[in-house]
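Numbers here simply count residues along the sequence, with the first being 1.
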Amino acid sequence: MIIMYVRHADAKGDELTELGEEQCKLMVKQDECFKFSKIYSSPLNRCIETSKYLAEKNKIEIEVKEQLSERKILNRDPETADEKEWFDNYLNPNFSHTEPEGCKEFLDRTAAVLDEIIEKHKSKNENVIISAHSCTIYAIMAYLNKTSKKEINWYRVSNCAKIYFEID
């Protein structure tokens, strides 16, 4: 089974920009070595719009998964001791927190949806596409490499980047 991860195209807010539309058009011109049976998308519009290009090319449906949404973070300087603790542990995969979302919760929800997707498609040897956010790539790598209890190095993934994972 192959999972192709695609980070959404360039967006302003939750809408694709003109550049994002061009990135999608270029992305689908690339020939894939695999046949895909379904696309799973984050519920945010920029991911769904990116997915539409892939769905049309592959003639497959998009299923929106809330668990693939972007990580919920603190979008300002921390003001309370609780917020400072969250900020200090933002990338700690063992740190649990509810609002804003802790790294552990983010990794756990991504792992749960990956379990569901893999269970549904692996036995049928079906390949799938996941369209989500740059943070999702780290959760996928942690899941596949069983590194959820180790340090994770976070780097930004460029717009419309495609990454392929083979699931044994």
Partner set under side-chain contact (heavy atoms from CB on, under 4.5 Å) for Glu63, not counting sequence neighbours: Lys38, Tyr40, Lys65, Lys120
Same cluster (ILVMFWY, side-chain, under 4.5 Å), Ile3 and Ile39: no
Interatomic distance, Asp14 atom CG to Glu70 atom CD [nearest 0.5 angstrom]: 9.0 Å
Any Asp115 side-chain heavy atom under 4.5 Å of Tyr143 side chain: yes
Distance-only polar pair, side chains of His133 and Ser42, donor-acceptor under 3.5 Å: yes
More than 12 heavy atoms from other groups under 6.0 Å of NZ on Lys12: no
Full working for side chain to side chain contact (heavy atoms under 4.5 Å, CB included) between Arg71 and Tyr90: CA-CA 11 Å; Arg71 183 175 175 197; Tyr90 173 69; 3.3 Å; yes
Sidechain N-carboxylate O distance under 4.0 Å for Arg109, Glu101: yes
Arg7/Cys160 under side chain to side chain contact (heavy atoms under 4.5 Å, CB included): CA gap, chis, key distance, verdict: CA-CA 5 Å; Arg7 185 196 187 258; Cys160 271; over 6 Å; no
Co-membership, hydrophobic cluster, residues Met4 and Val113, 4.5 Å side-chain: no
Parallel, tilted or perpendicular: ring planes of Phe36 versus Phe34, cut at 30 and 60 degrees: perpendicular
Verify same cluster id: Ile2, Leu114 (apolar side-chain graph, 4.5 Å): no
Interatomic spacing from CZ in Phe106 to CD1 in Ile73 - rounded to 0.5 Å: 10.5 Å
Trace of the side-chain hydrogen bond (donor to acceptor under 3.5 Å, both in side chains) decision for Thr110 with Gln67: CA-CA 6 Å; Thr110 306; Gln67 302 97 314; over 6 Å; no
Heavy-atom check, side chain of Asp10 versus side chain of Leu16, under 4.5 Å: no
Under 3.5 Å donor-acceptor, Ser69 side chain and Glu66 backbone: yes
Nearest-0.5 Å distance, SG of residue Cys47 to CG of residue Leu68: 8.5 Å
Pair Arg76-Glu83, side chain to side chain contact (heavy atoms under 4.5 Å, CB included): steps then yes or no: CA-CA 10 Å; Arg76 57 179 167 71; Glu83 289 175 350; 2.6 Å; yes
pair Glu116-Glu119: side-chain heavy atoms closer than 4.5 Å: no
Candidate pair Cys24 and Thr50, rule side chain to side chain contact (heavy atoms under 4.5 Å, CB included), full reasoning: CA-CA 6 Å; Cys24 289; Thr50 300; 4.0 Å; yes
NE2 on His8 to OG on Ser134, rounded to 0.5 Å: 6.5 Å
Side-chain heavy atoms of Lys52 within contact of Ile62, under 4.5 Å: yes
Note, Glu85 side chain near Phe95 side chain (heavy atom, < 4.5 Å): yes
Donor-acceptor side-chain pairing of Asp82 and His97 below 3.5 angstrom: yes
CD on Glu18 to CD on Gln23, rounded to 0.5 Å: 11.5 Å
Same cluster (ILVMFWY, side-chain, under 4.5 Å), Ile117 and Val64: no
Asn127 side-chain N/O to Lys35 backbone N/O, donor-acceptor pair under 3.5 Å: yes
Side-chain touch Ser51/Ile129, heavy atoms, less than 4.5 angstrom: no
Backbone of Ile60 reached by a side-chain donor or acceptor of Asn58 within 3.5 Å: no
Tyr53 side, atom OH; Ser131 side, atom OG - distance, nearest 0.5 Å: 12.5 Å
Path from Ile137 to Ile130 over hydrophobic side-chain contacts below 4.5 Å: yes
Would you mind writing out the side-chain donor-acceptor pairs for residues 161-168 within the sub-3.5 Å range, not counting sequence neighbours?
unit_1 : atom_1 : unit_2 : atom_2 : d
Lys162 : NZ     : Met27  : O      : 3.1
Lys162 : NZ     : Gln30  : OE1    : 2.9
Lys162 : NZ     : Glu32  : OE2    : 2.2
Tyr164 : OH     : Glu32  : OE1    : 2.1

Under-4.0 Å salt bridge between Glu49 and Arg46: no
Any donor-acceptor pair under 3.5 Å from Thr136 side chain to Ala132 backbone: no
